[in-house]
Amino acid sequence: NEDGSLVLYNANGEHTASATCQETELFGLCWQSPSKLLTASSAVLVWDRRAGLSAPARKLEPVLEAAAHLAPQLHCVSAHPQHQHLVAAGASDGALYLWDDRLLRAPAVCLPASGRERAHGADVWGLQLCDANNYGDLLSCSSDGTLQAWPLPRILVDNAQGVPSREQRTLVQLHMPINSLDYSADLGMLIAASDAEMLTCIDMR
């Protein structure tokens, strides 16, 4: 919620748990596993239901030790469906951040690693880590009107230094913001919604 509170309900609409964190607002969330929940604000907070919701179990920061008011605001967060330790978030400054949740106090990997300063030219509103397809491992959309596909840096995939095996690709370029996306691994289809009042569908097979 915009007051920084986290409230969980079951499928019947019954309240099951709640927590209040130190963040003033929570912008995005997703399940990392059946017991772990990720929320996006000035950092990615990892909540473990098994330990209760009195405090987050982990904090993944885009910039280590940065004051909350100076850190980029994270609008969206995603965990990889197969490799749940891989976490990505999209920020208000157009950057994409990635973490390996197994590494304590590890700095975030920021895309792109070279070339442009930011992955997008404006706020990133949606992103999704996905199984390997013909386009990329990370999909993102932004107020800059682009829908992009990114390979994961090898340092995250196999802990080896090196350049990504594939190049970043711009899949869609619109004149209005793209606000959300969803990729179905079962169908091999990507769908995105934009301020142009249209749905864009892409066959990723």
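Numbers here simply count residues along the sequence, with the first being 1. As the structure is a computational prediction, the values presented were derived from the model and not from experiment.
Put simply, L139 and L187 are part of two different groups of oily side chains (I, L, V, M, F, W, Y) that touch within less than 4.5 Å, one to the next. L147 and I191 sit in two unconnected hydrophobic clusters of ILVMFWY residues. Membership requires side-chain heavy atoms under 4.5 Å apart, directly or through other members. No single ILVMFWY cluster, assembled from side-chain heavy atoms under 4.5 Å apart, contains both M176 and L181.
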side-chain contact (heavy atoms from CB on, under 4.5 Å) assessment of M189 paired with D203: CA-CA 5 Å; M189 297 293 294; D203 189 337; 3.9 Å; yes
Derivation of the side-chain contact (heavy atoms from CB on, under 4.5 Å) call for L38 and L60: CA-CA 10 Å; L38 305 175; L60 305 176; 5.5 Å; no
Steps toward side-chain contact (heavy atoms from CB on, under 4.5 Å) verdict (V109, Y97): CA-CA 6 Å; V109 174; Y97 295 96; over 6 Å; no
Side chain to side chain donor-acceptor pair (under 3.5 Å) evaluation trace for S184 with D186: CA-CA 5 Å; S184 169; D186 293 333; 5.1 Å; no
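Side-chain atoms of S35 and R50, non-hydrogen and from C-beta on, do get closer than 4.5 Å to each other. Counting heavy atoms from C-beta on, the side chains of C76 and V124 come closer than 4.5 Å. You'll find the side chain of L86 stays beyond 4.5 Å of the side chain of L98, heavy atoms only.
Looking at every heavy atom in both residues, M204 comes nearest to L190 through CG-CB, 3.8 Å. When every heavy atom of R169 is checked against every heavy atom of Y135, the shortest pair comes out as NH1-CD2, 3.6 Å.
Using a 30° and 60° split on the angle between ring planes, H80 and H83 fall in the tilted class, from 30° to 60°. The aromatic rings of W125 and H75 lie parallel to each other, with less than 30° between the two planes, well short of the 60° mark.
Interatomic distance, K36 NZ to R49 CZ, rounded to the nearest 0.5 Å: 13.5 Å.
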